[in-house]
Amino acid sequence: MPSPADSDAQRNSLGAQPSLAPLASSPVLIDQVYSRLRDAIADLTLPPGERIRQAELADSLGVSRQPVSHALQLLKRDGLVCDSGRQGLEVAPIDPDHLRQLYQVRTALDGLAARLAAHRVVDGTLPAPDLRRLQDAVAAGMTMTRGTPVARQVRVEVAFHTALHDASGNPLIAQTVAPQWPHIMRAMAATLDALPMQEVVWHEHGEIVARIAAGDADGAESAAREHTEADGGNARREWLARLTPSN
């Protein structure tokens, strides 16, 4: 009788849906399924173009098809899943145009967050743990190399920017960006392993934090905007170019 590992290997060889760890039952099961599938799309466990097989996903997560169906409709609303063929769904492609538009918004919001955080330093209202979160994220980023798993690179990048948003003291910044993180994360995951840019990226992060710590609101905003700007920035320009099909 084949073992579970043999069965997983056989399914993968036939192009079946990747296996995901089962979920425990709870009153918010749809939210759990949604979160698990969203994270799997964000880290490319479910890559762009992957055909969605609801029955296999339900079996893998240990739930019925109903919460999977509801969760997929939420993911479709978010632009992470799209129609495919007759009544089918697939993981949506990564859209470089959407990412450029998203980074125009993030440029403004990251710049605002850095400015507000620097003002809080001057006012003495930025909690010391908030500044340490930023510094710790930079320190973690500086230890990464080309051999660091892409998933970790993405997590640390997100940790830095969420710490920046929180340091602003304006919760609407984080709330505005939060729904877009899966789109940003899977673009990062698709390209970071091919980019020798980590040293540059984390130097830029360090410059933002240094300006914030110095209470330099203008300098902090400028550094954050230059880092995040999609069309003129360093890493963002490179990975957006890689995601755009050549003519």
Can you tell if the side chain of [X] reaches within under 4.5 Å of the side chain of [Y], non-hydrogen atoms only?
| X | Y | answer |
| --- | --- | --- |
| Glu157 | Met188 | yes |
| Pro48 | Leu44 | yes |
| Leu89 | Ser84 | no |
| His205 | Leu164 | no |
| Leu74 | Ile30 | yes |

Sidechain-backbone polar pair: [X] side chain, [Y] backbone, donor-acceptor under 3.5 Å:
| X | Y | value |
| --- | --- | --- |
| Thr228 | Arg225 | no |
| Ser60 | Glu56 | no |
| Gln54 | Val68 | no |
| Arg132 | Pro127 | no |
| Arg120 | Ala167 | yes |
| Ser168 | His165 | yes |

Inset, instruction - For the residue pair Glu226 and Ser222, confirm or rule out a side-chain donor-acceptor distance under 3.5 Å. - result: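 Present: a donor and an acceptor within the cut-off.
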Legend entry - Modelled atom types, side-chain donor and acceptor of Asp43 and Thr45, under 3.5 Å: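 Yes, because at least one side-chain N or O of Asp43 sits under 3.5 Å from a partner of the opposite role on Thr45.
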Inset, instruction - Measure centre to centre between the rings of His161 and His227, then say whether the value is under 6.0 Å. - result: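 Distance test on ring centres: under 6.0 Å, yes.
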Inset, instruction - Go through the steps to decide whether Val81 and Ile41 satisfy the test side-chain contact (heavy atoms from CB on, under 4.5 Å), and finish with yes or no. - result: CA-CA 9 Å; Val81 165; Ile41 291 171; 4.0 Å; yes
Legend entry - Trace of the side-chain contact (heavy atoms from CB on, under 4.5 Å) decision for Tyr34 with Leu72: CA-CA 7 Å; Tyr34 167 79; Leu72 288 172; over 6 Å; no
Taking all non-hydrogen atoms of both residues, which atom of [X] and which atom of [Y] are closest, and how far apart?
| X | Y | result |
| --- | --- | --- |
| Ala92 | Gly79 | CB-O, 3.4 Å |
| Glu221 | Ala114 | N-CB, 4.1 Å |
| Ala140 | Val156 | CB-CG1, 4.1 Å |
| Ala187 | Leu99 | CB-CD1, 3.6 Å |

Legend entry - side-chain contact (heavy atoms from CB on, under 4.5 Å) between Val91 and Leu80, worked out: CA-CA 6 Å; Val91 178; Leu80 294 168; over 6 Å; no
Distance-only donor-acceptor hits, side chain of residues 173-184, under 3.5 Å, sequence neighbours excluded:
from, atom 1, to, atom 2, distance (Å)
Thr176, OG1, Leu172, O, 2.6
His183, NE2, Asp78, O, 2.9

Pair [X] + [Y], salt bridge at N-O below 4.0 Å:
| X | Y | answer |
| --- | --- | --- |
| Arg100 | Asp97 | yes |
| Lys76 | Asp83 | yes |
| Arg133 | Asp166 | yes |
| Arg106 | Asp110 | yes |

Legend entry - Ile208-Val122 co-clustered via ILVMFWY side chain contacts under 4.5 Å: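 Unlinked, Ile208 and Val122 end up in two clusters.
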Inset, instruction - Spell out, yes or no, whether Val138 and Leu134 are grouped together once hydrophobic residues are joined by side-chain heavy atoms under 4.5 Å, including indirect joins. - result: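 The answer is yes; both residues are in one hydrophobic cluster.
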Legend entry - Full working for side-chain contact (heavy atoms from CB on, under 4.5 Å) between Arg38 and Leu75: CA-CA 7 Å; Arg38 180 198 59 203; Leu75 292 166; 3.9 Å; yes
Inset, instruction - Measure the CD-CZ distance between Glu207 and Arg211 for me, rounded to the nearest 0.5 Å. - result: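 Result: 4.5 Å between the selected atoms.
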Inset, instruction - Could you grab the distance from atom CG of Leu46 to atom CZ of Arg186, nearest 0.5 Å is fine? - result: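 Here the interatomic distance stands at 10.5 Å.
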Inset, instruction - Go through Arg115 and Asp218 one step at a time and tell me if the salt bridge (charged side-chain N to carboxylate O under 4.0 Å, His left out) criterion holds. - result: CA-CA 7 Å; Arg115 170 174 284 278; Asp218 289 341; 2.4 Å; yes
